[in-house]
Amino acid sequence: MAILSIRIIGDPVLRTVADPVTDFGPELAKLVADMTETMEDVEGAGLAAPQVGISQRVFTYRIGGVEGHIINPVLENSDDFQPDEVEGCLSIPGLGFPVRRYRTTKATGVDLDGNPVSVEAEGMLARCFQHETDHLDGVLYTDRLEGDDRKAALRAIRNANYHAITEQTTSQRANSVKSSFGGGSFGVPE
């Protein structure tokens, strides 16, 4: 398994609708294992394949002792909403805003072997499924904000120095996995 580099806002893969998974082989198994390890390494609640630069409909999750993955997910959401909770995103580091999400959701899809998967979720797990499925549709949580929160988020994104954040994240992760993910100066003498 390997820790994967997480794509940051501005990367086109985060705004692209991911392709359905059609090949259920060892490459998919490695992707899911690597995504799970990456999610755990950064202490994330979920991780969608586009966040690691792979435009495929796969996400992993770990909320309150419930963990797994869903391939080619389809959500059936309730008609009512849960109270707005602050969400963050590994691809938009340092920001968090209250986001409106459906109270419950039923996620259906398949597992690594193509076997049907169905998970009914509420609370944070429902929020996670909706957030990660948004990634598969090229949607970021900031797209769901309204009014002053949306203005503040867009202003913060404009003013953020994501180059410095990326360098800091690279440095922190280099310490935990003994790799800088390209953070060094290849070909430049030290």
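Side-chain atoms are counted along with the backbone in the values below, which use heavy atoms only and exclude waters and symmetry mates.
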On a heavy-atom basis, which atom in [X] and which in [Y] lie closest, and how many Å separate them?
| X | Y | value |
| --- | --- | --- |
| A153 | T142 | CB-CG2, 4.2 Å |
| G96 | V86 | C-CG1, 3.6 Å |
| G138 | D143 | O-OD2, 4.4 Å |
| A29 | L112 | CA-CD2, 3.7 Å |
| A45 | I63 | CB-CD1, 3.3 Å |
| L145 | P98 | CD2-O, 3.2 Å |

Should [X] and [Y] be counted in the same cluster of Ile, Leu, Val, Met, Phe, Trp and Tyr side chains packed under 4.5 Å apart?
| X | Y | result |
| --- | --- | --- |
| V99 | I157 | yes |
| V52 | V139 | no |
| I70 | L31 | no |
| V117 | I71 | no |

Value rounded to 0.5 Å, distance of [atom1] in [X] from [atom2] in [Y]:
| X | Y | atom1 | atom2 | result |
| --- | --- | --- | --- | --- |
| E132 | D137 | CD | CG | 12.0 Å |
| M35 | H69 | CE | NE2 | 10.0 Å |
| F129 | L75 | CZ | CG | 8.5 Å |
| T36 | L4 | OG1 | CG | 10.0 Å |
| I9 | L140 | CD1 | CG | 5.5 Å |
| N72 | D111 | CG | CG | 11.5 Å |

Any donor-acceptor N/O pair, [X] side chain to [Y] backbone, under 3.5 Å:
| X | Y | value |
| --- | --- | --- |
| E37 | A2 | yes |
| R7 | L14 | no |
| T16 | A18 | no |

Would a 4.5 Å heavy-atom cut-off, applied to side chains only, mark [X] and [Y] as touching?
| X | Y | result |
| --- | --- | --- |
| R57 | V17 | yes |
| I3 | D34 | no |
| D134 | Y141 | no |
| P50 | L136 | yes |
| V119 | Y61 | yes |
| L28 | V58 | yes |
| L95 | C89 | no |
| E27 | V32 | no |

In a check of side-chain hydrogen bond (donor to acceptor under 3.5 Å, both in side chains) between Q82 and each of Q130, R101, R127, which one passes?
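Exactly one pass, corresponding to R127.
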
Can you tell me if R100 has over 12 outside heavy atoms packed within less than 6.0 Å of its CZ?
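At most 12 heavy atoms, drawn from other residues, nucleotides or ligands, come within 6.0 Å of this atom.
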
Quick one, R62 with E40, criterion side-chain contact (heavy atoms from CB on, under 4.5 Å). Give me CA distance, side-chain angles, the key distance, then yes/no.
CA-CA 8 Å; R62 183 185 62 185; E40 291 170 354; 3.1 Å; yes

For residues 24-44, pull every pair meeting ring-ring contact (aromatic ring centres under 6.0 Å, His included), keeping only residues two or more places apart or in separate chains.
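Pairs touching residues 24-44 that pass the test: none.
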
Applying ring-ring contact (aromatic ring centres under 6.0 Å, His included) as the test, list every pair that has at least one member in residues 84-113; sequence neighbours left out.
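Those involving residues 84-113 are F81-Y102.
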
Walk me through it: do N115 and V110 pass the test side-chain contact (heavy atoms from CB on, under 4.5 Å)?
CA-CA 5 Å; N115 298 316; V110 295; over 6 Å; no

Apply salt bridge (Lys or Arg N to Asp or Glu O under 4.0 Å) to residues D148 and R155 and explain how you reach the verdict.
CA-CA 10 Å; D148 289 340; R155 186 178 318 99; over 6 Å; no

Just checking, any donor-acceptor pair under 3.5 angstrom between side chains of E122 and T104?
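Absent: no donor and acceptor within the cut-off.
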
Inspect the contact between D79 and R103 and indicate whether a charged nitrogen and a carboxylate oxygen are less than 4.0 angstrom apart.
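Salt bridge absent between R103 and D79.
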
